[in-house]
Each structure stands twice: as C-alpha cells, then as structure tokens.
Enquirer: 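There's a structure below that I have some questions on.
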There are 2 protein chains.
Amino acid sequence: MEEERERYVEDFAVMFERFGLPRMMGRVLGALLVSNPPELSAGGLAELLRASRGSISQTTRSLVQMGLVERLTKLGERRDYFRVKPGAWDDLMRSQLESVTTVRQMAERGLEVVPPDAQSARQNLEEMRDFYGFWEGQMHHLLKLWKQERGGSEQ
Amino acid sequence: MEEERERYVEDFAVMFERFGLPRMMGRVLGALLVSNPPELSAGGLAELLRASRGSISQTTRSLVQMGLVERLTKLGERRDYFRVKPGAWDDLMRSQLESVTTVRQMAERGLEVVPPDAQSARQNLEEMRDFYGFWEGQMHHLLKLWKQERGGSEQ
DNA sequence: CGAGAGTTTCAATAAATATTGAAAATATTG
DNA sequence: CAATATTTTCAATATTTATTGAAACTCTCG
C-alpha cells in the first residue's frame with residue numbers, strides 16, 4: 001500500500017474514532033474501501049495494517065455484525081476474504097435511525113418520570129420527543145426513497 | 001431525587017455512552033432534563049449525582065461547548081446555574097449533519113487516492129459519496145423545515 | 001486420519017480515558 | 001481589602017477499552 005493510501009486509511013480511522021468506534025474498525029473499513037481488488041483476507045489485512053491477527057479477527061467480526069463488511073470465500077482457497085458490503089451505508093443509517101428511536105423513547109419515559117406540575121421539565125421533554133419523532137419519520141421516509149431511486153438493483 | 005428519576009438519569013447516561021460520549025455528560029444532561037426547577041448549580045449537580053466538583057466542572061464545560069446546556073446566573077447569587085439549552089436537539093442534529101459532510105468528503109478524497117482503473121473501489125466510494133451527499137442535502141432541508149414549523153419563537 | 005493453512009479465543013498487557021480531590025484561581029460581599 | 005463562596009485546574013489514580021500473541025481450534029486436502 002503506497003504512502004498516500006496509508007495516510008487515507010489512518011485518517012479514515014481517526015474519523016471513525018470520533019464517532020465513538022474503535023480505531024481499528026476504521027482502519028479495516030478504510031483499507032477495504034480503497035483496496036484493489038476489493039476483498040482482502042484476514043491475514044492480508046493484518047499484514048497491510050501491521051496489526052495482530054487477533055485484533056483483525058475481532059474487528060472483522062464486529063464489522064460483519066454491524067453490517068458494514070461481509071465475509072466471502074473463494075472456490076479452491078481456504079482463507080476467508082472480507083469486503084465492504086454493498087448497501088453498507090444504508091445499513092449504517094438504519095442503525096442511526098434506531099438510535100433516534102431510542103432517544104425519542106427516552107423522552108417519552110422522561111415524561112412518565114417527571115411530576116405533572118414540573119412545567120419546564122415537561123416542556124423540555126416534549127420538545128425532545130417531538131423533535132426526535134419528527135426525525136424518526138423523516139429518516140424512515142428518506143431511507144425508502146433512497147432505496148427506491150438507487151437501490152433497485154442491488155442487495 | 002427519588003429512586004425513579006435516579007434510575008432514569010443513569011439509563012440516560014448509558015444511552016449517551018453508547019453514542020460514544022462520556023457517561024458523566026449523560027448524567028448531567030439527564031439530570032437537568034428532568035429537574036424541577038429546570039436549572040441546577042454546579043454544586044447541586046455534584047451533590048445530586050454524587051460526583052466530584054471537578055468532574056462536574058469539566059462536564060458542564062463540554063456540554064456548554066456542544067451547545068446542549070447553557071450557563072446562567074441569578075441576581076443576588078454567586079453561583080452559576082445550568083439548564084438544558086432551548087434548541088439543544090436541533091444543535092445536536094446540526095453537528096450530526098457536519099459529520100455527514102465529513103464522511104462525504106472522505107469519500108471524495110478516497111476517489112482521488114484510488115487508481116483510475118480500480119473499478120470496484122471507485123464504485124464503493126461513489127456509492128458512499130452519493131449516499132452521504134443525499135443525506136447532507138436532505139438533513140439540511142429538514143433542519144430548516146423544523147425550525148420554520150416549530151422553532152419560530154425560540155432562540 | 002494427519003499435516004498444513006488459516007482463524008479464533010482469551011489472558012496478559014498496553015494505552016487511553018474518566019474521575020477524583022486538593023490547591024489555585026476567581027468573583028462577590030461587607 | 002479581607003473574608004467567604006464558588007469554580008477551575010491539574011496531577012494522581014482508577015477504570016475502561018483496545019491490542020497483542022500464543023495456544024487452541026477448525027477446516028480442507030491428500
């Protein structure tokens with residue numbers, strides 16, 4: 001991997017880290033993203049990223065579970081390969097939509113927990129509920145729209 | 001703070017933590033959210049959450065900087081108070097929009113880094129760019145829409 | 001079934017992060 | 001300006017999280 005792409009992978013990892021996810025996940029995803037050919041083996045990733053096989057194993061599992069990466073095998077070869085899953089970004093956004101739902105529910109639970117006469121707290125929580133309720137609906141709609149317009153063939 | 005609200009604040013903190021932010025931030029924000037009256041002093045927060053003053057100080061600063069909490073003073077009183085900032089959720093979503101922009105830009109940079117003949121990598125990156133470009137535009141639009149419909153009076 | 005290629009597990013360790021608490025700084029009052 | 005209330009800073013520490021590497025495991029092939 002030449003200098004420039006190594007730099008890219010590292011920066012990708014830092015970005016990922018800022019989203020609260022392990023740096024190594026960003027490295028692996030970044031490496032797969034710019035790899036040619038598009039799939040790499042666990043061993044290949046370990047070598048490319050100068051990381052232990054153990055940590056590649058753990059990281060690929062997490063990425064597969066998150067739906068960002070898929071594992072594939074090749075006829076006549078023992079090793080497993082990994083590549084960026086088509087539709088990965090859509091999946092990621094879908095999990096963000098789940099977070100939005102969680103926040104909305106937390107607002108609703110807040111309204112149950114707060115005394116009926118706590119006006120300002122109720123107002124805060126109602127705004128929170130309404131806002132996240134709004135996003136919940138809109139995101140749902142937009143995910144559908146995207147799939148309709150662009151995702152017709154894949155998956 | 002009674003049992004039920006303490007539980008709520010802790011659960012709120014765990015949710016916050018899952019988004020990659022410090023647990024204490026979630027505690028402080030959760031406590032302010034369900035507090036009646038709506039503002040609490042640094043000392044009050046420390047006592048309520050059984051946390052050190054130092055960590056309350058650090059946490060409130062971060063929350064203020066993130067735009068989720070505001071500091072206020074009261075005439076005739078020395079201490080500072082904190083409360084949930086009106087429009088906090090909108091601000092938070094705006095910072096998520098910034099993240100979306102960052103991801104889109106990272107996709108574009110990927111396209112510069114990858115050789116012209118690396119078909120599949122280019123396809124990956126183009127899908128990423130288009131997807132996040134789409135969300136960028138849509139989120140921008142929705143934030144405007146929300147402000148128009150609901151945020152007319154505040155701020 | 002045994003050998004070899006490859007992957008996963010997991011205890012140990014390294015690294016990063018959050019939290020405390022005491023001292024320093026700051027602001028307000030009389 | 002001294003006394004007091006309050007907040008901030010920061011070095012030390014506790015806690016959490018990521019990473020390694022060696023051993024165990026799994027699979028495939030001859």
Side-chain angles (χ1 to χ4, degrees), chain A residues 6 9-32 37 39-66 68-83, chain B residues 6 9-32 37 39-66 68-83:
Chain A
E6 276 194 13
V9 169
E10 282 307 302
D11 291 349
F12 196 93
V14 168
M15 177 182 83
F16 228 71
E17 201 173 25
R18 276 213 291 270
F19 300 155
L21 294 162
R23 185 180 298 186
M24 191 59 82
M25 270 194 180
R27 288 208 184 96
V28 169
L29 188 61
L32 292 174
E39 64 277 329
L40 291 169
S41 67
L45 281 164
E47 195 184 344
L48 193 71
L49 302 174
R50 273 102 81 193
S52 73
R53 275 138 192 282
S55 112
I56 296 295
S57 172
Q58 150 63 20
T59 301
T60 49
R61 185 209 318 292
S62 304
L63 285 168
V64 168
Q65 188 179 336
M66 279 179 75
L68 296 180
V69 162
E70 65 188 358
R71 182 187 300 259
L72 52 120
T73 54
K74 294 185 179 186
L75 201 67
E77 280 203 50
R78 292 184 183 184
R79 68 190 99 182
D80 291 350
Y81 287 86
F82 298 94
R83 73 169 170 210
Chain B
E6 276 194 14
V9 168
E10 282 308 302
D11 292 349
F12 195 94
V14 168
M15 176 182 84
F16 227 71
E17 202 173 25
R18 277 212 291 270
F19 300 155
L21 294 162
R23 185 180 296 188
M24 190 60 82
M25 269 194 181
R27 287 207 184 98
V28 169
L29 187 61
L32 291 175
E39 65 277 329
L40 291 169
S41 66
L45 281 164
E47 195 184 347
L48 192 71
L49 301 174
R50 272 102 81 192
S52 73
R53 273 138 194 283
S55 111
I56 296 295
S57 172
Q58 150 64 20
T59 302
T60 49
R61 185 208 322 290
S62 304
L63 285 169
V64 167
Q65 188 179 335
M66 280 179 75
L68 297 180
V69 161
E70 66 188 357
R71 184 187 299 260
L72 52 121
T73 53
K74 294 187 179 185
L75 200 67
E77 281 202 51
R78 289 182 186 188
R79 69 190 98 183
D80 291 351
Y81 286 86
F82 299 94
R83 73 170 170 209

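By convention in this document, chain letters (A, B, ...) are assigned in the order of the sequence lines, proteins followed by strands, and residues within each chain are numbered from 1. Remember, it's a predicted structure, so these values are computed and weren't measured experimentally.
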Enquirer: Strictly below 4.0 Å, heavy-atom distances to any atom of DNA chain D: list the hits from residues 71-79 of chain B, or just say none.
Expert: B:Arg71, B:Arg78, B:Arg79
Enquirer: According to side chain to side chain contact (heavy atoms under 4.5 Å, CB included), who are the partners of A:Arg53, at least two apart in sequence or on a separate chain?
Expert: A:Ala46
Enquirer: Once side chain to side chain donor-acceptor pair (under 3.5 Å) is applied, do any residues pair with B:Glu47, and if so which ones, sequence neighbours excluded?
Expert: none
Enquirer: Taking only residues two or more places apart in sequence, or in another chain, which ones meet B:Arg71 in a side chain to side chain contact (heavy atoms under 4.5 Å, CB included)?
Expert: B:Asp80, B:Phe82
Enquirer: Rounding to a whole Å, what distance do you find between B:Leu49:CG and C:dT19:P?
Expert: 11 Å
Enquirer: Check side chain to side chain contact (heavy atoms under 4.5 Å, CB included) between A:Glu17 and all other residues, then give those that pass, not counting sequence neighbours.
Expert: A:Arg23
Enquirer: Treating a pair as Watson-Crick (purine N1 to pyrimidine N3 plus N6-O4 or O6-N4) or G-U wobble (N1-O2 and O6-N3) with both distances under 3.5 Å, list the stems of 3 or more consecutive pairs that involve DNA chain C.
Expert: C:1-30 with D:1-30
Enquirer: Mind checking whether B:Phe19 and B:Phe16 have parallel, tilted or perpendicular rings, split at 30° and 60°?
Expert: tilted
Enquirer: What is the distance from CG of B:Leu40 to P of D:dT7, rounded to the nearest Å?
Expert: 12 Å
Enquirer: In whole angstrom, give the distance that lies between atom CG of B:Leu45 and atom P of D:dT6.
Expert: 14 Å
Enquirer: According to side chain to side chain contact (heavy atoms under 4.5 Å, CB included), who are the partners of B:Arg78, at least two apart in sequence or on a separate chain?
Expert: none
Enquirer: A:Ser52: what forms a side chain to side chain donor-acceptor pair (under 3.5 Å) with it, not counting sequence neighbours?
Expert: none
Enquirer: Please tell me if the side chains of A:Leu72 and A:Arg83 come closer than 4.5 Å, counting only heavy atoms from C-beta onward.
Expert: yes
Enquirer: Could you write nucleotides 9-24 of chain D as a row of B, S and -, 5' to 3', where a protein heavy atom under 4.0 Å of any base atom gives B, of only sugar-phosphate atoms gives S, and otherwise -?
Expert: B--------SSBB---
Enquirer: Can a donor-acceptor pair be found, under 3.5 Å and without considering hydrogens, that links the side chain of B:Ser55 to the backbone of B:Ala51?
Expert: no
Enquirer: With sequence neighbours excluded, tell me which residues meet side chain to side chain donor-acceptor pair (under 3.5 Å) with B:Glu77.
Expert: B:Tyr81
